[in-house]
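Data first, discussion second: the structure below is written as structure tokens.
Since this is a predicted model, take the numbers as computed values, not measurements. Atoms within a ligand are numbered from 1 in the order they appear, just like the ligands themselves.
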Amino acid sequence: MNVFINKNIPEAGIKLLQEKGINLTINPTENVLSREKFIKICQENDALLSVGTNTLLDEDFFQQCPNLKGIALFSVGFDSVHIPSANSRKIPVGNTPDVLSRATSDVAFLLMQSVARKSFFNHKRILNDQWGSFNPLANLGQELYGKTLGVCGLGRIGFEMAQKCKAAFGMNIIYHNRSRKEDAEKELDAKFVDFETLLAESDVLSVHANYTAENNELFNRNTFAKMKPNSIFINTARGKFQNEADLFEALTNNIIWGAGLDVTNPEPMKSDNPLLALPNCCVLPHIGSATYEARNGMAVCAAQNIIALFENKKMPFCVNEEVYS
Ligand SMILES: NC(=O)C1=CN([C@@H]2O[C@H](COP(=O)(O)OP(=O)(O)OC[C@H]3O[C@@H](n4cnc5c(N)ncnc54)[C@H](O)[C@@H]3O)[C@@H](O)[C@H]2O)C=CC1
Ligand SMILES: O=C(O)C(=O)CO
């Protein structure tokens, strides 16, 4: 079995694959391959271990790669793959759940506090020689104790974010999800609300849903207008959840109080993006899962998915199990 890995991954995963005698073609550079080059190498392989590619694995991709037998994503999000196209060819698609939930919810929590205390902005003030003298009225943030966290998408990462906010600040938890999570409700003392209530009642609204086309720019001028003026918008899920021109307008017109983003629309964000100049917006370059622990875990999950394919077994972390029926 020949596997293409389009960007190098931690050794823990490579070692597992090599121990099984799987032939690996690893793109040795950090450069994103052109779509043509990417597809050409996929055509020469049985499986793809896909790392944050800009190439959508869409119907055209699957048509051009008829010999591909499986895809192991180096991510939990699977929005880069057109699942119906994989299903129609019985191609299993694997992901990396759980191992990155702690790291990603840590970044949501970090952004929440960074926005509440304007930390990125104040850091920039020092770099610009604007520290000045102590001013009792300037650079004031807000405290989060007893405030309401609204989780949009109470899955694995949303749950961990809620746990942290409850433990650290005694925050009240409300959530909106595709279905109710009664066990999580009990554990977090959380309340299931409709989307409109989530917008209206959250002091911090943190997005943890998985992205689909139906969710495209769910956070836009209309929805920001329904949020509280003191509210903080956090997104570590996918940038396409937000309309960034509308977010800029909401942040500059005091419609909402602040925003913290680990994901942007599009990525990468350019350095002249007006959001970066705002005092009430913190942006990170998609580093949610960027810890040694999470990335090693992701490498192992992805390798286990490829090994299962190689051994004609079900992928242990499969997003389209229907292909096995
Ligand atoms: N910033 C980063 O580096 C990372 C980002 N992510 C993103 O986080 C997402 C969530 O990951 P997990 O928690 O593991 O996924 P999950 O599948 O456990 O949770 C997602 C939840 O969102 C819910 N949902 C879907 N659409 C919704 C909507 N419109 N409104 C409310 N709820 C909705 C689902 O029912 C599910 O419960 C991933 O899909 C990925 O896009 C994940 C890891 C790292
Ligand atoms: O896992 C994901 O979905 C990411 O965005 C990167 O870890």
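- Those atoms of ligand 1 with a heavy atom of His208 less than 4.0 angstrom away are 10 (C), 20 (C).
- With a heavy-atom cut-off of 4.0 Å, Thr96 does not touch ligand 2 at all.
- Within a 6.0 Å radius of CD in Glu19, more than 12 heavy atoms belonging to other residues, nucleotides or ligands are found.
- Under a 4.0 angstrom heavy-atom cut-off, Pro97 registers as lying outside contact with ligand 1.
- Remark: ligand 1 and Gly288 share an N or O pair separated by less than 3.5 Å (distance only, no angle test).
- For Glu214 and Arg178, the salt-bridge test fails: no basic side-chain N is under 4.0 Å from an acidic carboxylate O.
- Remark: minimum distance from atom 1 (O) of ligand 2 to any protein heavy atom is reached at Val76 N, 2.8 Å.
- Summarising the geometry, atom OG1 belonging to Thr197 is positioned 11.0 Å from atom NZ belonging to Lys226; distances are rounded to the nearest 0.5 Å.
- For ligand 2, none of its N or O atoms has an N or O atom of Arg295 under 3.5 Å away.
- In this structure, the protein non-hydrogen atom closest to atom 18 (O) of ligand 1 is Arg156 N, 2.9 Å.
- Assignment of Ala237 to the shell around ligand 1 is supported, since a heavy atom sits closer than 4.0 Å.
- Applying the side chain to side chain donor-acceptor pair (under 3.5 Å) test to residues at least two apart or on different chains, the pairs with a partner in residues 295-318 are Lys20-Glu311, Ser289-Arg295, Glu311-Lys313.
- Set against the non-hydrogen atoms of His176, the atoms of ligand 1 under 4.0 Å away are 30 (N), 31 (C), 32 (N).
- Side-chain contact annotation: Gln242 with Asn235, donor-acceptor N/O pair under 3.5 Å present.
- A donor and an acceptor atom, one from each side chain of Asn122 and Ser119, are nowhere located under 3.5 Å apart.
- Of the N or O atoms in Ser75, none lie within a sub-3.5 Å distance of an N or O in ligand 2.
- Each of the atoms 1 (N), 2 (C), 3 (O) of ligand 1 lies under 4.0 Å from some heavy atom of His286.
- Ligand 2 has an N or O atom lying under 3.5 Å from an N or O atom of Arg238, backbone or side chain.
- Considering both main-chain and side-chain atoms, Asp79 never comes within under 3.5 Å of ligand 1 through any nitrogen or oxygen pair.
- Looking at ligand 1, you won't find any N or O of Thr104 less than 3.5 Å from one of its N or O atoms.
- Considering backbone and side-chain atoms alike, Ile157 places an N or O below 3.5 Å from some N or O of ligand 1.
- Using a 4.0 Å heavy-atom cutoff, Lys181 is listed among the residues neighbouring ligand 1.
- For a threshold of 3.5 Å applied to N or O pairs, the pair formed by Gly77 and ligand 2 contains at least one separation below that value.
- With respect to the salt-bridge test (charged N to carboxylate O, under 4.0 angstrom), the residues Lys191 and Glu185 do not qualify.
- For the residue pair Ser202/Lys228, the side-chain donor-acceptor check at 3.5 Å is not satisfied.
- Between the side chains of Asn265 and Glu217, a donor-acceptor pair is found at a separation under 3.5 Å.
- Neither side chain, Arg125 nor Asn128, offers a donor N or O lying under 3.5 Å from an acceptor on the other.
- Classified by interplanar angle (parallel below 30°, tilted 30° to 60°, perpendicular above 60°), the ring pair Phe241/Tyr211 is perpendicular.
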